[in-house]
There are 2 protein chains.
Amino acid sequence: MAVTLKDLARELGISITTVSRGLAGYDDVAEETQLRIKDTAERLGYQPNLTARRLQKQQTGILGFIMPTFGPRFSDPFFSEFIAGIGNEAANHDFDLLVSTHPPDSDGERKTYQRAVTRAWVDGLIVVRTREEDARIQLLCQHNFPFVAFGRTDDEYDFPFVDEDSEAGMRALVQHFIDLGHRHIAFISPPSGLMFGRYRLKGFQDTMADNGLPVPSGWIVEGDMTQRGGAELTEQILALTPRPTAILAGNDLMALGVMNRLQQHGFTVGEDIAVGGFDDIPLVEHTHPPLTTIHQPIYEIGRRTCDMLIDIINGRSPTNPHVLLTPTLVVRASSGQPIA
Amino acid sequence: MAVTLKDLARELGISITTVSRGLAGYDDVAEETQLRIKDTAERLGYQPNLTARRLQKQQTGILGFIMPTFGPRFSDPFFSEFIAGIGNEAANHDFDLLVSTHPPDSDGERKTYQRAVTRAWVDGLIVVRTREEDARIQLLCQHNFPFVAFGRTDDEYDFPFVDEDSEAGMRALVQHFIDLGHRHIAFISPPSGLMFGRYRLKGFQDTMADNGLPVPSGWIVEGDMTQRGGAELTEQILALTPRPTAILAGNDLMALGVMNRLQQHGFTVGEDIAVGGFDDIPLVEHTHPPLTTIHQPIYEIGRRTCDMLIDIINGRSPTNPHVLLTPTLVVRASSGQPIA
DNA sequence: TTGAAAGCGCTAACAC
DNA sequence: GTGTTAGCGCTTTCAA
């Protein structure tokens with residue numbers, strides 16, 4: 001079916017080796033032979049067999065990305081954009097991207113990571129949504145398997161990562177609302193166990209404390225990162241006394257849920273109650289009102305994560321294996337005008 | 001590094017061949033030997049090398065999915081959900097999923113398809129967002145390369161596909177609005193060139209005609225599938241006379257854009273102006289107001305597409321190579337009450 | 001019941 | 001410059 005080196009060799013009446021080296025452009029092949037080789041390769045439509053090359057080189061040329069997703073209908077735009085980032089960068093370096101999805105901490109996830117470290121499945125992995133005591137990272141480190149994480153962890157392993165400074169981001173967001181005059185601010189935190197959630201929560205708590213603002217119990221609730229979750233928790237928050245003048249969510253999707261539920265209750269977001277999010281997913285620029293949030297360059301983060309991974313796979317140690325990006329505050333209408 | 005058949009053979013003092021067959025469970029291996037083999041394999045943590053197996057079997061065990069995306073910040077939730085569907089189904093059958101992204105009709109896209117058909121890159125492809133005169137499908141058909149499309153085309157090739165009946169879906173949507181009393185309905189169509197856009201447009205036009213409702217020029221505008229696009233076109237639509245009482249969009253993302261822009265202009269969606277979408281992405285259940293739309297089971301479609309592809313790769317001809325699913329109308333508040 | 005040998009398509013060390 | 005040979009790890013005839 002497909003044209004192989006052997007076919008070319010037969011056609012040209014020379015050895016397979018010479019053909020191989022001619023194609024690779026080695027300079028120990030007569031110039032004229034080179035030309036003849038490349039010519040017939042072209043003519044016969046030769047394409048090297050990647051599997052064979054991989055076997056020989058003991059490399060797969062494939063990067064793995066295991067998405068930690070809950071049920072099937074997840075729609076966190078984070079993932080599409082992140083995949084685009086790593087995928088395009090991988091393609092630039094002639095790597096392919098293998099994607100699989102597993103619920104976090106599930107058996108399937110464990111098996112897949114196990115497979116990665118024990119058989120020659122992929123050359124390296126990209127890990128996202130790092131967790132406290134992250135078993136994936138422990139495994140990868142123990143096996144000395146090439147990977148880069150988007151996010152840090154709290155254990156003692158030293159590993160390459162790209163991360164955004166969630167704490168700094170959340171500080172900026174909270175301070176913005178405090179500067180607008182808000183004193184009663186409720187917070188919907190990401191699920192505990194996720195490192196970035198922890199940083200965002202800390203950013204909230206510290207900034208409130210720094211400004212001498214108490215955070216009574218019940219003013220911090222734990223969400224599930226979904227829009228529905230944000231909507232439901234809004235009910236609890238509206239029952240607080242005094243009623244919060246601002247609600248901040250640990251991610252944009254939850255913030256959207258909050259806005260919608262508030263509107264259903266007849267509140268005008270940005271006037272009656274202010275809302276803030278985190279991520280700056282493309283959607284929130286066009287909501288009504290547009291959402292004040294913290295911008296993360298997800299595509300760019302994907303690109304850099306992938307780039308670092310490829311460096312590691314190729315045996316180059318990355319210039320800076322611990323990249324921490326500072327996200328920026330994006331003020332839109334949902335945070336409203338200064339209040340009394 | 002990794003344990004190979006050779007290692008096992010040496011350890012056991014038997015031949016590689018026997019080990020291989022023992023592991024595969026051939027019944028021409030002494031039961032006792034079988035046990036010893038499996039035992040040491042377990043003990044030494046043997047995992048077969050996939051690349052070697054692939055080379056031998058002349059199969060990659062990989063399915064390819066080339067996402068047609070525009071710029072980096074695409075966030076159509078369609079893709080995340082679709083990937084989850086095909087990915088999980090692929091995993092069930094021990095296939096991996098390779099994902100790459102390219103702008104539609106770009107050079108990169110062409111090269112990638114070319115690569116798929118000429119070298120042993122993947123065992124089969126999944127094609128989405130079929131186009132008029134779709135070059136990808138023509139190429140795949142000519143090379144007799146295994147693939148399944150989500151969507152049909154207008155040319156003469158006969159190929160396996162899964163599709164939802166966009167025309168029927170749009171008919172249901174339009175009829176719903178007409179039944180509510182709307183006579184002046186504007187439509188934002190998907191970009192021309194995409195097959196599903198064509199069906200949705202036809203569904204709109206035919207249903208209007210069937211109900212004796214004229215559609216003056218300017219009442220159908222072409223959108224780009226994004227929220228921003230929907231928002232911007234809303235301006236044009238609001239300038240029409242008489243002002244439309246309902247605006248229908250070719251997908252949910254655009255419908256969201258429409259709703260938001262209407263709200264910015266002070267309209268109450270579902271009262272002053274009704275809005276309808278298409279896709280039922282998870283987001284729109286929780287918008288304010290929730291969006292009336294046509295539900296497509298994207299995850300399920302991904303699953304079935306993948307399933308059919310695996311059948312084809314394995315040489316089983318699919319029971320039904322032309323699956324057409326009828327999407328369902330989901331009525332929510334954005335379509336409002338019957339009007340005069 | 002087991003083993004030797006060939007071969008998948010490619011690369012690379014080492015002759016000639 | 002070019003060819004011979006070996007080998008990546010696995011599966012599969014074919015003999016023994």
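Only heavy atoms go into these numbers, but all of them, side chains included; no hydrogens, no water, no symmetry mates. Owing to the predicted nature of the structure, the values given are computational and were not obtained by experimental measurement.
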#### Entry: NZ or CZ of B:Arg136 within 45° of B:Phe147 ring axis and under 6.0 Å
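Output no; distance or angle outside limits.
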### Query
How would you label the contact of B:Gln58 with the nucleic acid (heavy atoms, under 4.0 Å): base, sugar-phosphate, or nothing?
sugar-phosphate
### Query
Which is true for A:Thr17 with a 4.0 Å heavy-atom rule: it touches a base, it touches only sugar-phosphate, or it touches nothing?
base
### Query
Using the ring of each side chain (for Trp, its six-membered ring), is A:Phe82 parallel, tilted or perpendicular to A:Phe150, with breaks at 30° and 60°?
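Judged by the thresholds at 30° and 60°, the geometry between A:Phe82 and A:Phe150 is parallel.
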### Message
Is the ring pair A:His322/A:Phe161 parallel, tilted or perpendicular, if the boundaries are 30 and 60 degrees?
### Response
parallel
Closest approach of [X] and [Y], non-hydrogen atoms and distance?
X        : Y        : answer
A:Leu63  : A:Cys306 : CD2-SG, 3.7 Å
A:Phe159 : A:Cys141 : CB-SG, 4.2 Å
A:Leu140 : A:Leu125 : CD1-CD1, 4.1 Å
A:Thr112 : A:His102 : OG1-NE2, 2.9 Å
A:Val19  : A:Ala9   : CG2-CA, 3.9 Å

### Query
The side chain of A:Lys6 lies closest to which of these nucleotides: C:dC8, C:dT11, C:dA4?
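The answer is C:dC8.
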### Query
First and last nucleotide of DNA chain D in contact with chain A, 5' to 3', at under 4.0 Å to a heavy atom: what are they?
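Contacts span D:dG1 to D:dG9, reading 5' to 3'.
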#### Entry: Positions of residues 18-27 of chain A (non-hydrogen atom under 4.0 Å from DNA chain C), listed by number
A:Ser20, A:Arg21, A:Tyr26
### Query
Listed in order of residue number, which residues of residues 36-51 of chain B have a non-hydrogen atom at under 4.0 Å from DNA chain C?
none
### Message
Please determine whether a side-chain nitrogen or oxygen atom of B:Arg54 lies at a distance below 4.0 Å from atom OP1 or OP2 of C:dC8.
### Response
no
### Message
side chain to side chain contact (heavy atoms under 4.5 Å, CB included), that's the test. Do A:Leu324 and A:Arg152 meet it? Break it down for me.
### Response
CA-CA 10 Å; A:Leu324 194 58; A:Arg152 293 157 283 170; 3.7 Å; yes
#### Entry: Any side-chain heavy-atom pair of A:Lys38 and A:Glu42 under 4.5 Å
no
### Message
Any N or O donor-acceptor pair under 3.5 Å from the base of C:dG7 to the side chain of B:Gln56?
### Response
yes
### Residue whose closest nucleotide on DNA chain C lies nearer the 5' end, B:Lys57 versus B:Ala30
B:Ala30
### Message
With no hydrogens and no angle check, just 3.5 Å: does a side-chain donor-acceptor pair link B:Asn88 and B:Tyr299?
### Response
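Yes, a side-chain donor-acceptor pair sits under 3.5 Å.
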